[in-house]
Amino acid sequence: MKILLTGGAGYIGSHTAVTLSAEGLEPVVLDNFSNSHPVVMERLAHLCGGPLTLEQGDVLDTPWLTGVLLRHQPVAVVHFAGDKAVGESVAQPLKYFHNNIGGAVSLMRAMVQAVAEGGWPRPPALVFSSSATVYGDPATVPITEDFPRSHTNPYGHTKLVIEDMLSAQHAADPSWRVGVLRYFNPVGAHPSGLIGEDPDGMPNNLMPFVAQVAIGRRPHLSVFGNDYPTPDGTGVRDYIHVMDLASGHVAAVRALLAKPGSFTVNLGTGQGHSVLDMVRAFERASGRPVPYRIAPRRAGDVAQCWADPGRARTLLGWQATRSLDDMCADAWRWQSGNPNGYRSP
Ligand code: NAD
Ligand code: UD1
């Protein structure tokens with residue numbers, strides 16, 4: 001049973017590939033390496049007990065993508081591919097509308113085409129990487145899936161539009177099976193330390209920044225605001241171990257294959273941790289100091305955001321099991337073993 005992973009060489013895709021493989025499913029990685037490194041394929045071969053099939057190319061190329069579907073006959077597609085830097089999306093919105101929305105349109109058209117040609121005789125099953133960013137600034141926490149959606153930047157806007165496109169397609173053709181997964185804050189790495197998050201340049205997100213401070217690549221962390229209405233004044237988020245997130249994808253694929261329909265679920269732990277909680281947990285895990293300075297709030301940040309993960313539990317039989325200490329220990333193993341990410345010698 002092949003599962004096609006667009007963006008499968010990226011951070012979440014690579015961890016999902018390992019988990020699918022461990023569960024006896026066969027991941028096929030599709031990627032153009034615009035934000036990943038081909039070395040990841042060697043690491044995946046090591047972790048999966050043999051090389052994975054790679055389709056190197058662009059999701060924007062609909063005819064090629066149609067051919068990939070016809071050639072591999074996947075039972076489901078997980079669509080990770082896309083750009084994800086919030087700041088860059090504000091500076092270059094067209095890049096995001098083109099690659100994220102254009103990529104999703106291209107993939108869905110390829111799926112329609114592959115079925116229409118009669119060569120892919122199955123109901124299309126698609127899992128999509130959405131984000132808690134679609135909740136904007138939530139009025140209360142924890143957040144359930146029926147909270148109002150909004151967007152504050154072009155990246156978030158693309159997630160909202162793609163969610164709407166998927167529901168329109170499902171309404172137009174109810175044979176489609178669609179699973180929308182709204183990730184909270186994925187962090188950590190595979191416990192082997194062989195694969196992990198490898199941001200290009202200055203990290204935008206907290207955990208990779210903290211890890212680079214601990215390893216000495218950066219002198220200190222800037223804590224963006226300590227005057228939020230939270231217990232210690234710093235922002236609170238629902239950090240989820242990337243391996244828990246990966247198993248959420250396996251559960252979503254299995255649910256789609258078991259029963260027609262569509263669903264939208266939060267993938268989070270249901271627990272909030274502050275920036276300073278994260279600093280302390282990382283210091284414990286690494287045995288290194290993480291110096292920090294309080295800096296002004298970052299534009300667009302919300303005070304607190306965490307999931308009600310109840311629907312994923314009921315619908316998918318999935319829940320996160322790994323602790324904040326596990327997340328930091330695994331992130332540290334990856335960071336200390338690969339100080340320059342996949343570019344390490
Ligand atoms: P990532 O950048 O590590 O992985 C994305 C992969 O897609 C990369 O390997 C990149 O090379 C590939 N890609 C991009 N455009 C492509 C194209 N046109 N054709 C083929 N390949 C292409 O990102 P990630 O953290 O693994 O995130 C995966 C998905 O999850 C993204 O859609 C992202 O928006 C979403 N998401 C991520 C987070 C997070 O914190 N990491 C949170 C919420 C949602
Ligand atoms: C950010 C994005 C969100 C996206 C998510 C994906 C913004 C405004 N939001 O979410 O749209 O879906 O990443 O992973 O960019 N922090 C610091 N110092 C740092 C970095 C972060 O104090 O150097 C704080 C932030 O203010 C926040 C917390 O750490 O309170 C987490 O930040 P981050 O990892 O960037 O995630 P989000 O802001 O939740």
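Along the sequence shown, the residues carry numbers beginning at 1. Every number for a ligand or one of its atoms is a count from 1 in the order of the listing.
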Val223 neighbourhood, listing ligand 2 atoms whose heavy-atom distance to it stays under 4.0 Å | 22 (O)
Run the contact test for Phe184 against ligand 2 with a 4.0 Å cut-off on heavy atoms, strictly below, and give the result.
-> no
Applying a strict 4.0 Å limit to heavy atoms, is His79 in contact with ligand 1?
-> no
Heavy-atom proximity to atom 16 (C) of ligand 1, best of Thr158, Asn32, Asp31 = Asn32
Counting from 1, what ligand 2 atoms have a heavy atom of Asn185 closer than 4.0 Å?
-> 36 (O), 37 (P), 39 (O)
What atoms of ligand 1 come within less than 4.0 Å of a heavy atom belonging to Asp58?
-> 17 (C), 18 (N), 19 (N)
Could you see which bit of Val236 sits under 4.0 Å from ligand 2, with heavy atoms only: side chain, backbone, both or neither?
-> neither
Would you mind telling me if ligand 1 is within reach of the side chain of Asn100, the backbone, both or neither, using heavy atoms under 4.0 Å?
-> neither
Do we see a donor-acceptor contact under 3.5 Å between the side chains of Thr230 and Ser274?
-> no
Which of the atoms in ligand 2, numbered in the order shown and given with their element, are less than 4.0 Å from a heavy-atom of Ser222?
-> 17 (C), 18 (N), 19 (C), 22 (O), 23 (O)
With heavy atoms of Ser130 as the reference, note each atom of ligand 1 found under 4.0 Å away.
-> 43 (C), 44 (C)
Check each atom of ligand 2 against the heavy atoms of Ser131 and keep those under 4.0 Å away; list them by number with element.
-> 12 (O)
Close-contact set for ligand 2 against Asp301 heavy atoms, below 4.0 Å | 8 (C), 25 (C), 26 (O), 38 (O)
Atoms of ligand 2 close to Tyr155 [distance to a heavy atom under 4.0 angstrom, numbered from 1] = 12 (O)
Just say parallel, tilted or perpendicular for the rings of His157 and Phe97, cut-offs at 30° and 60°.
-> perpendicular
Parallel, tilted or perpendicular for Phe282 and Trp332, by the 30°/60° rule?
-> perpendicular
Taking the six-membered ring for Trp and the full ring for Phe, Tyr or His, determine whether the centres of Trp176 and Phe128 are under 6.0 Å apart.
-> no
Side chain or backbone of Leu206 under 4.0 Å from ligand 2, or both, or neither, by non-hydrogen atoms?
-> both
of all protein heavy atoms, closest to atom 29 (C) of ligand 1 is Phe80 O, 3.2 Å
Are any of the N or O atoms of Phe184 closer than 3.5 Å to those of ligand 1?
-> no
Which atoms of ligand 2 are found less than 4.0 Å from any heavy atom of Asn204?
-> 20 (C), 35 (O)
Indicate yes or no: does an N/O atom of Gly10 lie under 3.5 Å from an N/O atom of ligand 1?
-> yes
Proximal ligand 1 atoms for Phe33, defined as those under 4.0 Å from one of its heavy atoms = 11 (O)
Decide whether an N or O pair under 3.5 Å exists between Tyr155 and ligand 1.
-> yes
What are the atoms of ligand 1, with element, lying closer than 4.0 Å to any heavy atom of Ser34?
-> 10 (C), 11 (O), 13 (N), 14 (C), 15 (N)
What residue and atom, counting heavy atoms only, is the protein's closest point to atom 24 (C) of ligand 2, and at what distance?
-> Val275 CG2, 3.7 Å
Classify the contact between Glu197 and ligand 1 as side chain, backbone, both or neither, using a heavy-atom distance cut-off of under 4.0 Å.
-> neither
Interfacing atoms of ligand 2 (cut-off 4.0 Å, heavy-atom, Val86) = 2 (C), 3 (C), 7 (C), 9 (N), 11 (O), 15 (O)
Proximity of Ala132 to ligand 1 by residue part, where a heavy atom lies under 4.0 Å | neither
What closest approach, in Å, do Pro219 and Val213 show between heavy atoms, and which atom pair accounts for it?
-> O-CG1, 4.1 Å
What residue and heavy atom of the protein are closest to atom 20 (C) of ligand 2, and at what distance?
-> Phe224 CE1, 3.6 Å
Does Glu145 pair with Arg182 as a salt bridge, N-O distance under 4.0 Å?
-> no
For Lys159, take its heavy atoms, then give the atoms of ligand 1 lying under 4.0 Å from any of them.
-> 31 (C), 32 (O), 33 (C), 34 (O), 35 (C)
Pick whichever of Ser131, Ser106, Ser129 has a heavy atom sitting closest to atom 35 (C) of ligand 1.
-> Ser129
One finds that the ligand 1 atoms under 4.0 Å from a non-hydrogen atom of Ser36 are 8 (C), 9 (O), 11 (O)
Tell me which protein heavy atom sits closest to atom 39 (O) of ligand 2, plus the residue, atom name and distance to 0.1 Å.
-> Arg237 NE, 2.6 Å
May I ask whether Ser14 places a heavy atom under 4.0 Å from ligand 1?
-> no
Any chance you could measure Thr234, atom OG1, to Met278, atom CE, to the nearest 0.5 Å?
-> 10.5 Å
Identity and distance of the protein heavy atom lying nearest atom 35 (O) of ligand 2 | Arg298 NH2, 2.8 Å
Using 4.0 Å as the upper bound for N to carboxylate O, is an ion pair formed by Asp164 and Arg149?
-> yes
Per the side-chain hydrogen bond (donor to acceptor under 3.5 Å, both in side chains) rule, which among Arg343, Gln335, His37 passes with Asp198?
-> Arg343
Atom 28 (C) of ligand 2: which protein heavy atom is closest, and how many Å away?
-> Tyr239 OH, 3.5 Å
So is Gly156 close enough to ligand 2, meaning a heavy atom under 4.0 angstrom away?
-> no
the protein heavy atom lying closest to atom 5 (C) of ligand 2 turns out to be Asn205 ND2, 4.2 Å
Which ligand 1 atoms, with their elements, are less than 4.0 angstrom from a heavy-atom of Gly57?
-> 19 (N), 20 (C)
Can Tyr292 and Asn226 be counted as having a side-chain donor-acceptor contact under 3.5 angstrom?
-> no
Taking NZ, NE, NH1 and NH2 as the nitrogens, is one of them in Arg297 or Asp227 under 4.0 Å from a carboxylate oxygen of the other?
-> yes
Ile12-ligand 1 polar pair, N/O distance under 3.5 Å = yes
What do you reckon, does Gly7 have a nitrogen or oxygen under 3.5 Å from a nitrogen or oxygen of ligand 1?
-> no
Quick check, are the ring centers of Phe80 and His249 under 6.0 angstrom apart?
-> yes
Taken to the nearest 0.5 Å, the spacing of Leu245 CG from Leu267 CG works out to 5.5 Å
